[in-house]
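Everything on this sheet refers to the single structure shown next.
Just so it is clear: chains get the letters A, B, ... in the order the sequence lines come, proteins before strands, and each one is counted from 1.
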Amino acid sequence: MSETIFIGVAWPYANGPVHVGQLAGCYLPADIFARFHRLKGNAVLMVSGSDQHGTPITVKAETEGVSPAEIVARYHAMFLETWARLGISFDLFTTTGTDNHREVVHRIFLKLLAQDDLYLRTQDGIYDPIARRFLPDRYVEGTCPYCGYSRARGDQCENCGRQLEPTQLIDMRSTLSQGKPEIRPTEHFFLRLSKYNQPLLDWVRRQDHWRPNVRNFTIRYLEEGLIDRAITRDIEWGVPVPVEGFEQKRIYVWFEAVIGYLSASIEWAQRQGEPDLWQRWWSPQAKSYYFIGKDNIPFHTMIWPAMLLAYGGLVLPYDVPANEFMNLERRKISTSQNWAVWVLDVLERYDPDQLRYYVAAVLPETNDGDFSWRDFWRRNNDELVATYGNLVNRVLSFTARNFDARVPDPGQLGEADLGLLRRVDDAFAAVDAAISAVRLRDGLREAMALAQETNRYLDEQAPWNTIKTDREHAGRAIFTAIQAINGLKVLLAPYLPFSSARLHEMLGFADPLEAGGFRPGRVPAGQTLGTLAPLFKKLDESIVEEEQAKLGTADVG
RNA sequence: GCCAGCGUAGCUCAGUGGUAGAGCAGGGGACUCAUAAGCCCUUGGCCGGGGGUUCGAAUCCCUCCGCUGGCACCA
């Protein structure tokens, strides 16, 4: 039975390149999950895009003295290159700057407004009379009331780290004009989140299959009670408010960006030439998964579901498998200090599957994880190369040398051979169960366990001995090992798509790997192997120190 | 400060009431098809400290210590 799987992936701010923390947080997990379901024959739609609004973008633009649009264009192009080179297989990766997105946001905004889920309220704003505009909190500076630091910002004091309200600052001043801001009333639209508190709570309590931390966090949050939040701002960069008299205001990014999941689906359908096709992934039969980092949980388990409930007719998230954070060499990743590993930079020196393997093996699914170059080097050489790559190499090169590069005829299979083939079937069941439950690290572990099992089988059968005395026995062992390798190719395809495709060719297949589906398959006796080459490169230990030396120094990207 | 989570072998982690586990590292061995890879055996842990519940606790409760995250206009 074919399933309909929607995969939404967190929208990265277009203000910097992608680093391994983001990769581990959502992009790689989403891609593994998408590839798995496509192999199973399920209908997958995976979308995301550049989040081009929000304070980080405008701050970056001001720092560089260019327009926000310029920043966005630069990093959006970089994102697309990253996905292409790493094999992150989005069906569509768009931006929040499209006409389509604005239209979809407006449609939702106006419907919610018409049914009173949005309402107007006047609140105090910080107004700069010289610049003649309202100021976001972080554009206000002053003396911290706690520690006396003279350049504390309106949202936080960088000296003592406290969260602040701008009005708490002593001698408040505008960072734009250095003038003294005044308090002025300003009208904003509020989302009636409080109305959906109880429905959300009832809904979340039923989600037994969610990760405990995601579910517990959400339940606690809801038990405290959601407060209505302003969804517009006195800013210039963002989606306009579709109401007369509000031309100077914009819809705030947290309300608008999550709508991207829907608008991207619609854009994708339009590009397919079937404008209504998106509805299949937003109907009640669809299962929608949102891959995000844990910092994004409230928006995907409460605010977006509240908006969906309010709008009506669209399916709520089936699962939100949020990941924890990934540290780097035991320290928290910090892009401003360049304590980060940039994906495009890594791909200059390593194959995409080497990076994909390592990151998949240490995904922070249950706890914060750690990316370390020594561990990268170690796992690449000891696990990827030695256990899997070497298995493929020893079997296929043996076949080339002793069986004229043709898959030998096995004759009658014995108990040991059948045992290994059963083990392949078991591995498919285990990996299927793991990935289906979004336990991707476990899935990889299960697949690698089959590679170990096959190495063990080979040692027991020792075809390099029996080839001298019992050619048929050696052929049977090689045939069986090739079948196991063929299974590994499929099991690992979601994780290591590039090397699985190469292995597929080496095994002598001409059709695409995807055509075979997520099942063991068979390499027929007599099939001629393709051109053989090692699947993975072994790395010299010197890369550990070389890579570590780059951290915290030169600015990349 | 408040709330939550975590603290298990040298390292990375799994294990949520019933005789402590995996991978790697360390030690030993047999083999040689293979990217000196693979395979077998093995050393190693008062499961953060203390207290409690229980016939029985890494697992439940309390407390202390340490680390991490959230505390709303930062997504």
Next on the checklist: Can you list, in residue-number order, the parts of residues 375-386 of chain A that come under 4.0 Å of RNA chain B, counting heavy atoms only?
Outcome noted: A:Arg378, A:Asp382, A:Glu383, A:Val385, A:Ala386

Checklist outcome for this item: For B:rU19, the nucleotide meeting Watson-Crick or G-U wobble distances (both under 3.5 Å) is none

Checklist entry - Do other residues, nucleotides or ligands put more than 12 heavy atoms under 6.0 Å from A:Glu545 CD? => result no

Checklist entry - Does A:Arg441 place a side-chain N or O at less than 4.0 Å from the phosphate oxygens OP1/OP2 of B:rA14? => result yes

Checklist outcome for this item: When A:Asp228 and A:Glu453 are each assigned the nearest nucleotide of RNA chain B, the 5'-most assignment goes to A:Glu453

Next on the checklist: Tell me the interatomic distance from A:Phe325, atom CZ, to B:rG70, atom P, rounded to whole angstroms.
Outcome noted: 6 Å

Next on the checklist: Measuring only the C1' atom in each nucleotide, how far is B:rG38 from B:rG23? A whole number of Å is fine.
Outcome noted: 16 Å

Next on the checklist: Please classify the nucleic acid contact of A:Leu535 as base, sugar-phosphate, or nothing, using heavy-atom distances under 4.0 Å.
Outcome noted: base

Item to check | Integer-rounded Å distance: B:rC67 P and A:Asn327 CG | outcome: 15 Å

Checklist entry - Do A:Asp353 and A:Tyr495 get their side chains close enough for a donor-acceptor pair, meaning under 3.5 Å? => result no

Item to check | Residue matched to B:rA4 through Watson-Crick or wobble contacts both under 3.5 angstrom | outcome: B:rU68

Item to check | Close approaches to RNA chain B from residues 289-299 of chain A, in residue order (heavy atom, under 4.0 Å) | outcome: A:Asp295, A:Phe299

Item to check | Length of the CG-C1' vector between A:Leu539 and B:rA37, whole Å | outcome: 15 Å

Next on the checklist: For B:rU35 and A:Lys537 - does any side-chain N or O of the residue sit under 4.0 Å from the phosphate oxygens OP1/OP2?
Outcome noted: no

Next on the checklist: As a quick check of understanding, evaluate salt bridge (charged side-chain N to carboxylate O under 4.0 Å, His left out) for A:Arg456 and A:Asp459, giving each step before the final call.
Outcome noted: CA-CA 5 Å; A:Arg456 215 167 283 145; A:Asp459 267 59; over 6 Å; no

Checklist entry - Regarding A:Asp370 and A:Ser372, is there a side-chain donor-to-acceptor distance under 3.5 Å anywhere? => result no

Next on the checklist: Could you tell me how far B:rC6 sits from B:rC62 if I compare only their P atoms? Round to whole Å.
Outcome noted: 13 Å

Checklist entry - Is a side-chain donor-acceptor pair under 3.5 Å present for A:His188 with A:Thr232? => result yes

Checklist outcome for this item: A:Met448 atom CE is separated from B:rG38 atom C1', nearest whole Å, by 12 Å

Checklist entry - Counting only Watson-Crick or G-U wobble pairs whose two distances fall under 3.5 Å, which nucleotide matches B:rU54? => result none

Checklist entry - Does the side chain of A:Asp228 come under 3.5 Å of the side chain of A:Tyr119 through a donor N or O and an acceptor N or O? => result yes

Item to check | Base partner of B:rA36, which must satisfy Watson-Crick or wobble distances under 3.5 Å | outcome: none

Next on the checklist: For a quick check of understanding: with a heavy-atom distance under 4.0 Å over all strands, which category does A:Arg445 fall into, base, sugar-phosphate or nothing?
Outcome noted: nothing

Next on the checklist: Whole angstroms only, please: what is the CZ-P distance between A:Arg456 and B:rG38?
Outcome noted: 12 Å

All N/O contacts under 3.5 Å from nucleotides 42-45 of chain B to the protein, with atom names and distances to one decimal?
none

Checklist outcome for this item: Whole-Å distance, A:Arg229 CZ to B:rC71 P, equals 9 Å

Checklist entry - Which nucleotide in the set B:rC39, B:rC13, B:rA72 lies at the smallest distance from any side-chain heavy atom of A:Gln452? => result B:rC39

Give each protein N/O atom lying under 3.5 Å from an N/O atom of nucleotides 5-7 of chain B, with the pair distance.
none

Next on the checklist: Taking any heavy-atom pair under 4.0 Å as a contact, classify A:Pro463: base, sugar-phosphate, or nothing.
Outcome noted: nothing

Item to check | Distance, C1' atom - from B:rA34 to B:rA20, rounded to whole angstrom | outcome: 37 Å

Item to check | A:Ala433 to A:Arg439 - nearest heavy-atom pair and separation | outcome: O-NH2, 4.1 Å

Checklist entry - Quick one: A:Arg250 CZ to B:rC73 C1', roughly how many Å, whole number? => result 18 Å

Checklist entry - Expressed in whole Å, how much space separates the P atoms belonging to B:rU68 and B:rU53? => result 35 Å

Next on the checklist: Quick check on the 6.0 Å ring-centre criterion: do A:Tyr75 and A:Tyr13 meet it?
Outcome noted: no

Checklist entry - Base, sugar-phosphate alone, or nothing: which one does A:Ile227 contact when heavy atoms must sit under 4.0 Å apart? => result base

Next on the checklist: More than 12 heavy atoms of other residues, nucleotides or ligands under 6.0 Å from CD of A:Glu182: yes or no?
Outcome noted: yes

Checklist outcome for this item: Regarding the side chain of A:Phe536, the nearest nucleotide among B:rC13, B:rG70, B:rU35 is B:rU35

Next on the checklist: Testing the 3.5 Å rule here: is there a donor-acceptor pair between the side chains of A:Arg471 and A:Asn402?
Outcome noted: no

Checklist entry - Just how far, in rounded Å, is P of B:rA37 from CG of A:Asp540? => result 12 Å

For nucleotides 26-34 of chain B, which of its nitrogen or oxygen atoms have a protein nitrogen or oxygen under 3.5 Å away, and what is each distance?
unit_1: B:rC33; atom_1: O3'; unit_2: A:Arg401; atom_2: NH1; d: 3.4
unit_1: B:rC33; atom_1: O2; unit_2: A:Arg394; atom_2: NE; d: 3.1
unit_1: B:rC33; atom_1: N3; unit_2: A:Arg394; atom_2: NE; d: 3.2
unit_1: B:rC33; atom_1: N3; unit_2: A:Arg394; atom_2: NH2; d: 2.5
unit_1: B:rC33; atom_1: N4; unit_2: A:Arg394; atom_2: NH2; d: 2.9
unit_1: B:rA34; atom_1: OP1; unit_2: A:Arg401; atom_2: NH2; d: 3.3
unit_1: B:rA34; atom_1: O3'; unit_2: A:Asn393; atom_2: ND2; d: 3.0
unit_1: B:rA34; atom_1: O2'; unit_2: A:Asn390; atom_2: OD1; d: 2.4
unit_1: B:rA34; atom_1: O2'; unit_2: A:Asn393; atom_2: ND2; d: 3.2
unit_1: B:rA34; atom_1: N3; unit_2: A:Asn390; atom_2: ND2; d: 3.1
unit_1: B:rA34; atom_1: N3; unit_2: A:Arg394; atom_2: NE; d: 3.3

Item to check | Paired nucleotide for B:rA30 [Watson-Crick or G-U wobble; both distances under 3.5 Å] | outcome: none

Next on the checklist: For the backbone of A:Gly293 and the side chain of A:Asn296, can you confirm whether one donor and one acceptor N or O come within less than 3.5 Å of each other?
Outcome noted: no

Item to check | Under the side-chain contact (heavy atoms from CB on, under 4.5 Å) test, residues paired with A:Arg102 that sit two or more places apart | outcome: A:Asp99, A:His106, A:Val239, A:Pro240

